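As structure tokens, the structure follows; a few thoughts come after it.
All values derive from a computational prediction rather than experimental measurement. When a residue number appears, it is its place in the shown sequence, counting from 1. Note that ligands are numbered from 1 as they come in the structure, with each ligand's atoms numbered from 1 the same way.
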Amino acid sequence: MKGTWATSASLDLHLELSGTRPRAALEAALRDAVRSGRLSAGTPLPSSRALAGDLGLARNTVADAYAQLVAEGWLDARHGSGTWVAERAARVPRARPPGDRVAPAPVRHDLRPGLPDVSAFPRAAWLAAARRALTVAPARDLIGYASPRGLLPLRQALAEYLARARGVVVTPDRIVVCAGFAQGLELLCDLLRAAGKRTLAVEAYGHEAHRRIAAAAGMRLAPVPVDDHGALLADGAGLPARTGAALLTPAHQYPLGVVLAPDRRRDAVDWAASSGGLIIEDDYDGEFRYDRQPAGALQQLDPERVIYVGTASKTLAPGLRLGWVAVPESLGGAAGLARQSFYRGTGVLEQLTLAELMTSGAFDRHIRRMRTQYRRRRDELASTLAASLPQLGLAGISAGLHALIYLPGHGPTEEQIQSRAARLSVAIHTLGAQAIIVGYATPASHAYRPALEALAELLAMEPDEQP
Ligand SMILES: Cc1ncc(COP(=O)(O)O)c(C=O)c1O
């Protein structure tokens, strides 16, 4: 007897029946499905007549198997209401599937870097944009396999926005839409390797996950020093001879928070021109600059050597998984990138909705509103620290959604701060060099003040205090 599908009563039920005794096989298969949790409490089962028809068994065989399982407590049945998986059967403890991670305990004050205030996601504007997009989109955009480069309305909207707001030199045909910066980086690493470039320079500290992505794509990593003026990417700066590309965060270095200084920007593109290298510009939070006009994208200094990558993860929400790459012709353009690996593009509904959000002006309005809010939060962080802990140095605050707080050498260590943070239910990151990284955009606005107070309490810890 083989596994089979029962499809009766509008229910699909897969059962593996083995052995030569049909009733015993059916009972064992149902017991196993309930025990493993595959059939959960309350799941209705097909009628004995329907299941018998689907499995090619006598109806009595199925009815007897059901009756036996009801008697054993696996199933419940009531005349006229059918048969379903019993409540108490669900109480049998389930083994955790391999790889199923335990969810981290929720923290009261979430100041981890990397997230915008997702409670401020513009739900009403997104819904309105989705409704409009869905109403007018041609069926081929909605149902067919779309071009892996991304849908034209979004690439047009992005080209307009990136040129206007970030100074990117780009046309829609140079853009590839991808699932966030992370996927853009993965595709780019494949493309770089195909172009014979095997070493990627990465900023000191930098984003650990991005290094892992590049390394998994087969790139060798070479560190670039970062100081108060940003990354030092220049001829003679100690890079390995055959460094083919560099990954930079010019608008707001992650995690140190420094903005790449004008002469360093020049040095970087000069390095690319003289070495034949390419620069991947990670413009993850470039929209958020507080004290003066945002610095435009580095890409505008040399659009053939700087590959611009943007994301909706900070302006809207990381869960959207939307990012975009402006690919130079020298790298085969958008077509070259979209051909990489088995890339099939991203979901069209999100693409069409974002295009509509951008062309309607709602995207710009949301960014302006959030920029004002984040600037206010940053100022509150600065004034709280200045009032209660003036000995601590705050850095990286002219842009972005996170700041660095340097801990004095004679004060508590990062480890002591982290264990106290756990007790106060505060989530922060540490730099690994006597500093903590605070994501001040992460909490909802009502939760920000209490989070700041908890942070101040945490940082007021004496070094000799037991953590
Ligand atoms: C340095 C940096 N780049 C890019 C991103 C965005 O990545 P993604 O677009 O894959 O969400 C983040 C998010 O935290 C980041 O910290």
Would you say the ring centroid of Phe288 lies under 6.0 angstrom from that of Tyr374?
-> yes
Residue list, side-chain contact (heavy atoms from CB on, under 4.5 Å) with Leu404, at least two apart or on another chain = Leu256, Ala395, Tyr406, Leu431, Ala435, Ile437
Among Leu278, Thr243, Leu191, Leu331, side-chain contact (heavy atoms from CB on, under 4.5 Å) partner for Lys197 | Leu278
What does the list of residues with a heavy atom under 4.0 Å from ligand 1 look like, ordered by chain and number?
-> Gly114, Gly180, Phe181, Ala182, His207, His210, Tyr254, Asp282, Tyr284, Thr311, Ser313, Lys314, Arg321
Any salt bridge (charged side-chain N to carboxylate O under 4.0 Å, His left out) involving residues 118-128? Give me the pairs, sequence neighbours left out, ordered by first then second residue.
-> none
Salt bridge (charged side-chain N to carboxylate O under 4.0 Å, His left out) pairs touching residues 443-453, sequence neighbours excluded, are Glu380-Arg449, Arg449-Glu453
Is the shortest distance from a Lys or Arg side-chain nitrogen in Asp32 or Arg35 to a carboxylate oxygen in the other one below 4.0 Å?
-> yes
